Student: 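Okay, handing you the structure first.
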Amino acid sequence: MNYLKEFSSWIDERHWIEFSAEFFNEMGWNCIESENSSYVVEADGKRYFLSARHNAGNGAIGTEKELDILDRIDTCNADGFIGFYSGNYSTGLYVRLKSLGVPFVLFNGARIAIYMAYARSFFVDKYFGNGERAGRIIWRYYNNKDTDKPLKPLLCVCGCGKDILEVKNISYSLVLLEQYENQLYFLYGLKSCLAQFDGNTYCGWVEINQILHPDQFASWNRLVSNYISDNPSLDLSNFHPARREFMCRLMQRMRPVNAGFFMEAMSFQ
Ligand SMILES: [Zn+2]
């Protein structure tokens with residue numbers, strides 16, 4: 001995911017301001033609208049006046065743009081200042097803020113892009129990404145093929161012929177391990193088709209949307225590998241071909257590694 005490129009494609013300043021307010025809430029800070037319609041970020045027991053400006057592709061924000069800083073801080077009953085810019089800020093602005101003696105934090109586009117990799121994918125997908133959406137579902141589903149050829153299907157193992165990588169099916173599909181006597185099975189398909197299985201190993205089951213996140217993919221695979229080494233006498237003749245097929249086909253829709261975590265990764269406060 002190229003966040004800087006995506007910032008540059010935004011044309012609406014208002015969109016940037018909405019994004020900035022949500023960004024701070026997503027990162028574990030608290031962004032609220034003040035009485036005079038400015039945004040204030042609360043962090044470390046302090047209140048920061050938020051100046052969000054969309055200048056990607058244009059010149060750096062400097063002291064000629066950020067005027068009356070102390071007055072604006074006072075008007076919002078704040079203690080400090082946050083500059084949140086999709087492009088860059090000037091050294092002059094940094095020096096000026098230093099000289100004012102108030103707490104301040106400056107973000108440029110590159111810094112924001114780094115933070116975005118630690119956001120939840122839910123938030124990332126609201127503002128970024130070119131993947132397909134399924135109806136009103138907010139997730140984006142990526143197509144990693146660089147040709148126009150269609151994706152190879154990952155067919156539900158029940159034999160119903162449904163492709164669980166089709167956008168409309170992803171949210172209704174899962175993968176699980178099922179042990180029957182000494183046989184281990186790797187099953188994937190629509191939830192409704194696999195309803196009689198509950199994933200009777202300690203690996204449980206995972207939704208397809210979840211396992212399309214690289215962090216979730218890695219942790220579930222670790223669990224599966226552990227289960228196999230904990231149970232060396234299992235018959236895996238049915239397991240391996242199905243797992244191989246699943247892994248190969250799933251990669252076609254895996255999310256980019258910096259496109260957010262499935263759940264909250266960390267707080268920066
Ligand atoms: Zn099925």
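Numbering of ligands and ligand atoms starts at 1, following listing order. Predicted model only: the values in this text are computed from it and were never measured.
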Student: For the Zn ion (ligand 1), how many protein N, O or S atoms come closer than 2.8 Å?
Tutor: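 Counting protein N, O and S atoms closer than 2.8 Å to the Zn ion (ligand 1) gives 4.
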Student: Can you find a heavy atom in the side chain of Tyr85 that is under 4.5 Å from one in the side chain of Leu106?
Tutor: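 Yes. Closest side-chain heavy atoms under 4.5 Å.
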Student: Less than 4.5 Å apart, side chain to side chain, heavy atoms only: is that true for Phe104 and Ile73?
Tutor: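 A side-chain contact under 4.5 Å is absent here.
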Student: Measure across Glu178 and Leu187 and return the closest heavy-atom pair with its distance rounded to 0.1 Å.
Tutor: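 Answer, listing the atom of Glu178 first, then Leu187: CB-CD1, 4.0 Å.
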Student: Look at Glu245 together with Lys152 and state whether they make a salt bridge at an N to O cut-off of under 4.0 Å.
Tutor: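 Salt bridge absent between Glu245 and Lys152.
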Student: What heavy-atom pair brings Phe81 and Tyr48 nearest, and what distance separates the two atoms?
Tutor: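 It is N-CD2, 3.6 Å.
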Student: Which residue pairs pass the side-chain hydrogen bond (donor to acceptor under 3.5 Å, both in side chains) test with at least one member in residues 1-16, sequence neighbours excluded?
Tutor: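 Sorted pair list comes back empty.
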